[in-house]
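The next block holds one structure in the form of structure tokens; read it before the comments.
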Amino acid sequence: MAKAITARNENYSEWYLDIVKQANLASNSAVRGCMVIKPNGFAIWERMQRQLDDMFKETGHVNAYFPLFIPKSFLSREADHVEGFAKECAVVTHYRLKNAEDGSGVIVDPEAKLEEELIVRPTSETIIWHTYRDWITSYRDLPLLINQWANVVRWELRTRLFLRTAEFLWQEGHTAHATAEEALEEALKMQEVYATFAEEYMAMPVLRGVKTVNERFAGAIDTYTIEALMQDGKALQAGTSHNLGQNFAKAFDVKFSNADNQEEYVWASSWGVSTRLIGGLIMTHSDDEGLVLPPKLAPVQVVIVPIPKPNETLDAKARELMEQLKARGVRVTYDDDAKQRPGFKFAENELKGIPIRLGLGKRDLENGTIEVARRDEKTKESQPLEGIVDHVVQLLADIQQNLFDRAVRFREEHTTYVDTFEEFQEVIERNIPGFVYAHWDGTTETELKIKELTKATIRCIPNDRPEEQGVDMLSGKPSQGRVVFAKAY
RNA sequence: CGGGGCAUAGCGCAGUCCGGUUAGCGUGCCUGCUUUGGGAGCAGGAGGCCCCAGGUUCGAAUCCUGGUGCCCCGACCA
């Protein structure tokens, strides 16, 4: 029996949940809003982590680890920051339990109240900048380029697996610099690292841009973002990089002596991507048959299926093939479960998103062929066994490229330029609205009004936007260029 | 946090309105036989604090009260 995956055009969010559940990526847990990331899902995260970590190291960063808990007073040191996060913080107030006197179980021991409550980190700027105060005294200590892999907690009211959970895994980079220029450069560099990762590894095209005042990180001077378009025409903020200026240095009194022995506040950046990327990966490529993974991030890239079932001859051939593929760096498995028939395995492996399936049967051995099926286009063809390793290696690269091209095409088909508010409303109300480029007068007031009227937000002001004189589609005030609107996750 | 819905076998559900043998169905799981190039068939079997806690009743999956969790819509959301 086919497992039922809701069709995308029938109910997109049901479809998304079906994929997550049936591909065994994650499930809800006993804790509200917190998910269990299952082995299939975590394997994807591990591949993302490994690649990102390499990219961070290549750009000069090192890893460190800071505490899960933040003293409450730290959070309030930076005014905008606390305002941005206060409403979604988990707070630790006690440090001990005891048995209830009526035998009903354990209760919080009222004697064990903390003098100062601890916040479970929603992000680590405050605890890290408190620490940096001790680490930085001279320009010789700069730049300080640190990343941490961690979990954070934001008490979201409405959660969705991977896309928004109360606890999530992420990395957060926190850098300190001697000049404003360097901090800005760092923020932009990391935005580009994220964009490269998204496009080259996730095969997910992204817009690079800067957030409006209204949308930027609490405590930042500017927030740079990468924005991807999902198959339902909604935008996903996939990663952000913040130029923090001297805001946190001032809040935590982090100063250094420059080469002229003058005391200055340190300049900062911070940047992060999270397990939300897995949600973006799913919503960019997957189809009604299940998960579709880009080869570079697929935990398993090739599966060999013995047809109709494993036997000594097929096993030997499969093992030989696997050795050859592994030698070329291909992640390959052999689906040698004797209890399942081929058709079942085909469906299962498609559901899991394995990019290439190799079907190997008696007929193939006789003919010197093998059946090569690609997940992305759901096509299959018989290939000579001779040279199959080269073919597979090339096909993995082709699939990676095809997924990216397909996503770019989708984005192009769902990108619209409008000049009037009527047009804007028409596009935003479509089934698949997409990105809408329109003129905006630069005020938060207009931005909020548009959001109120249409639910669309300004995703970003593109980094590379051409200057273009125009008028705001709603207020009629002058504008120097277009910004990107969309409905967003 | 507001409105609505749901919670019964690993998963998906019926039964609940109108209380009454041993709580069913599909799928999955185990055993055996037959099958096997796109989700196999037959036979046998195992598997249930019917979400939790109280209450009503001779008797509760079913009625009442209070919790908890999940889903959908909305508000909120670096």
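When reading the values below, keep in mind they use all heavy atoms of this one structure, side chains included, and skip hydrogens, waters and symmetry mates. Below, chain A is the first sequence line, B the second, and so on; all start at residue 1.
If you check every strand for non-hydrogen atoms under 4.0 Å, A:Gly84 touches nothing. As judged by a 4.0 angstrom heavy-atom cut-off over every strand, A:Tyr224 is placed among residues making no nucleic acid contact. No engagement by A:Gly239 is indicated, since no non-hydrogen atom pair under 4.0 Å with the nucleic acid exists. A:Lys380 comes within 4.0 angstrom of a nucleotide base, judged by non-hydrogen atoms across all strands. Nucleic acid contact class of A:Lys362 (heavy atoms, under 4.0 Å, all strands): base. Base engagement by A:Arg357 is indicated by at least one non-hydrogen atom pair under 4.0 Å involving a base atom. In this structure, A:Trp170 reaches the bases: a heavy-atom distance under 4.0 Å links it to at least one base atom across the strands shown.
One interatomic measurement links the two molecules: CG of A:Asp337 to C1' of B:G28, which rounds to 14 Å at whole-angstrom precision. Remark: C1' of B:A75 and CD of A:Glu156 are 13 Å apart, rounded to the nearest angstrom. Atom P of nucleotide B:A40 and atom NZ of A:Lys309 are separated by 14 Å, given to the nearest angstrom. To the nearest angstrom, C1' of B:C77 lies 13 Å from CG of A:Leu236. Taking atom CZ of residue A:Phe344 and atom P of nucleotide B:C29, one finds them 7 Å apart after rounding to whole Å. Rounded to an integer number of Å, the gap from A:Lys21 NZ to B:C11 C1' is 11 Å.
Checked by distance alone, A:Arg158 brings no side-chain donor or acceptor within 3.5 Å of a matching partner on the base of B:G2. If you check distances only, the side chain of A:Gln340 never reaches the base of B:G39 with a donor-acceptor pair under 3.5 Å. The base of B:G38 sits with one of its N or O atoms less than 3.5 Å from a complementary donor or acceptor on the side chain of A:Glu350. You'll find a donor-acceptor pair under 3.5 Å spanning the side chain of A:Asp364 and the base of B:G37, going by distance alone.
Atom CD of A:Glu381 sits in a crowded spot, with more than 12 heavy atoms from other residues, nucleotides or ligands closer than 6.0 Å. Around CD of A:Glu377, the count of heavy atoms belonging to other residues, nucleotides or ligands within 6.0 Å exceeds 12. Around CD of A:Glu83, the count of heavy atoms belonging to other residues, nucleotides or ligands within 6.0 Å does not exceed 12.
Between A:Asp232 and A:Tyr489, the side chains place a donor N or O and an acceptor N or O closer than 3.5 Å (distance only, hydrogens not considered). No donor-acceptor contact under 3.5 angstrom links the side chains of A:Thr333 and A:Asp335, judged on distance only.
For the P atoms, the distance linking B:C70 with B:C33 amounts to 46 Å, nearest Å. Using atom C1' as the reference point in both B:G45 and B:G28, the two lie 14 Å apart (nearest Å). With P as the reference atom, B:G38 and B:G32 are 26 Å apart, rounded to whole Å. A gap of 24 Å separates the P atoms of B:A53 and B:C71, to the nearest Å. Comparing the same atom, P, in B:G24 and in B:G47 gives a spacing of 13 Å after rounding to whole Å. For the P atom pair drawn from B:A7 and B:U62, the interatomic distance equals 13 Å after rounding to whole Å. The gap from the C1' atom of B:C51 to that of B:A9 amounts to 15 Å, rounded to the nearest Å. Taking the C1' atom of each, B:U56 and B:G19 are spaced 11 Å apart, rounded to whole Å.
The side chain of A:Arg341 sits closest to B:U36 out of B:C77, B:A75, B:U36. Of the listed nucleotides (B:C71, B:G37, B:A75), B:A75 has the atom at the smallest distance from the side chain of A:Leu157. When each of B:G39, B:C77, B:U36 is scored by its nearest atom to the side-chain atoms of A:Pro308, the top-ranked nucleotide is B:U36. Residue A:Lys455 places its side chain closer to B:G74 than to any other of B:C77, B:G39, B:G74. Of the candidates B:U36, B:G38, B:C77, B:G38 carries the atom nearest the A:Lys378 side chain, counting heavy atoms from C-beta on.
Position along RNA chain B of the nearest nucleotide to A:Asn11 versus A:Glu371 favours A:Glu371 as the more 5'-ward residue.
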Begin from the C-alpha positions of A:Asp287 and A:Arg8 and carry the test salt bridge (Lys or Arg N to Asp or Glu O under 4.0 Å) through to its verdict. CA-CA 7 Å; A:Asp287 60 24; A:Arg8 279 167 293 181; 5.4 Å; no
Could you check A:Trp129 against A:His81 for ring pair (Phe, Tyr, Trp, His ring centres under 6.0 Å), going step by step and ending with a plain yes or no? CA-CA 13 Å; A:Trp129 278 85; A:His81 190 68; over 10 Å; no
Derivation of the ring pair (Phe, Tyr, Trp, His ring centres under 6.0 Å) call for A:Phe69 and A:Phe74: CA-CA 10 Å; A:Phe69 302 116; A:Phe74 283 22; over 10 Å; no
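Note: A:Phe424 and A:Phe421 have parallel aromatic rings, judged against thresholds of 30 and 60 degrees for the angle between ring planes. Classification of the A:Tyr194-A:Phe56 ring pair by plane angle, with boundaries at 30° and 60°, yields perpendicular.
The nucleotide B:G12 finds its pairing partner in B:C25, both defining distances of the Watson-Crick or G-U wobble pair being shorter than 3.5 Å. Using N1 to N3 plus N6-O4 or O6-N4 for Watson-Crick, or N1-O2 and O6-N3 for G-U wobble, each under 3.5 Å, B:G2 pairs with B:C73.
Between A:Arg32 and B:G69 there is a side-chain polar atom (N or O) within less than 4.0 angstrom of OP1 or OP2. Side-chain N/O atoms of A:Asn28 include none lying less than 4.0 angstrom from OP1 or OP2 on B:G69.
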So which protein nitrogen or oxygen atoms get under 3.5 Å of nucleotides 41-49 of chain B's nitrogens or oxygens?
none

